[in-house]
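Written below as structure tokens is the structure these notes are about.
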Amino acid sequence: MSPYPDHPDLPWPGGDGVDEIGSVTACGGRRPDDLTPHEDTFCGFDGGFVSPAAAGRAVPPGYPTAIDLYAYAVGPVLYVGGKEEPLDVDPWAPVEPLPGGFERLGYDAVGISNANSWGCSPLACNGQTYLARVNRYFLVDTEAEAAALARRFSVEQPEPGDYCVVEVWRAARDGS
């Protein structure tokens, strides 16, 4: 089954051992359209929420399906043409510290566009998985692996832009 809503005939991109796409990019999934965010709940980056509680307040009462809650930690480095530059994360503050009950899924190498929104993850969007061993969440297991990919993607440009490393977390599911 294809994870891409706009391309239902595409094959599952993950290969053996991949159960789901935990990528930062919205290419393999999307946020529900009918969330009702409050103005004070967003951080300054890509419509993210400042806390799990703020994200929960955006879900309408009686929402018909379960929603997974993800959290991201962005590394302080931006890869531009293979070179490291400091990545100023202050515009994304104030974000509350991550509470307990979250599990790390892995790391992604992600493009940043306009300095305030996620671009693509070549692992999930462009089939670049031949460059790295991905885990069951379509992510790499170490920050070092993601940094090497981000540097490479910033040079080879499988998707245009500069790249950063993002640590991906998800609220633990009941029974998992």
Side-chain angles (χ1 to χ4, degrees), residues 3 13-14 17-31 37 41-55 68-173:
V18 173
D19 298 327
E20 60 187 273
I21 296 177
S23 173
V24 172
T25 185
C27 293
R30 60 187 177 84
R31 189 170 77 181
T41 61
F42 284 113
C43 68
F45 190 80
D46 207 21
F49 297 95
V50 297
S51 69
D68 283 324
L69 180 60
Y70 292 84
Y72 307 114
V74 180
V77 175
L78 184 66
Y79 295 90
V80 180
K83 295 184 178 13
E84 293 183 15
E85 295 185 5
L87 177 60
D88 181 15
V89 295
D90 282 342
W92 307 337
V95 175
E96 295 179 14
L98 191 61
F102 278 75
E103 59 183 332
R104 180 188 302 122
L105 303 183
Y107 296 84
D108 205 352
V110 182
I112 292 183
S113 54
N114 301 324
N116 68 353
S117 71
W118 302 122
C120 288
S121 162
L123 287 174
C125 300
N126 297 94
Q128 301 292 305
T129 54
Y130 68 90
L131 296 173
R133 172 180 242 150
V134 294
N135 63 24
R136 64 180 286 215
Y137 303 107
F138 219 123
L139 302 167
V140 294
D141 286 326
T142 70
E143 186 176 3
E145 289 173 288
L149 288 170
R151 181 184 307 277
R152 182 173 183 159
F153 296 155
S154 77
V155 172
E156 295 178 1
Q157 298 287 296
E159 287 285 340
D162 303 327
Y163 285 83
C164 66
V165 172
V166 180
E167 186 176 27
V168 180
W169 295 76
R170 181 180 63 208
R173 295 174 174 165

Let's go through L69 and F102 carefully: what are the C-alpha distance in whole Å and the side-chain angles of both, what is the deciding distance for side-chain contact (heavy atoms from CB on, under 4.5 Å) to 0.1 Å, and is it a yes or a no? CA-CA 9 Å; L69 180 60; F102 278 75; 3.9 Å; yes

Closest non-hydrogen atom pair between R104 and W169, with its separation: N-CE3, 3.3 Å

Of the non-hydrogen atoms in S154 and Y79, which two are nearest, and what is the gap between them? CB-O, 3.3 Å

With side chains defined as the heavy atoms from C-beta onward, is the minimum distance between L87 and I112 less than 4.5 Å? yes

Hey, does D108 have a side-chain heavy atom less than 4.5 Å from the side chain of F138? no

Answer yes or no: is there a donor N or O on one side and an acceptor on the other, between the side chain of N135 and the main chain of L105, under 3.5 Å? yes

For L139 and Y107 the tightest heavy-atom approach is CB-O, 3.4 Å

Atom pairs and distances, side-chain donor-acceptor, residues 144-151, under 3.5 Å, sequence neighbours left out:
| unit_1 | atom_1 | unit_2 | atom_2 | d |
| --- | --- | --- | --- | --- |
| E145 | OE1 | D141 | N | 3.3 |
| E145 | OE1 | T142 | N | 3.0 |
| E145 | OE1 | T142 | OG1 | 3.0 |
| R151 | NH1 | G82 | O | 2.6 |
| R151 | NH2 | E84 | OE2 | 2.8 |

Shortest non-hydrogen pair, V155 vs G81, comes out as CG2-C, 3.6 Å

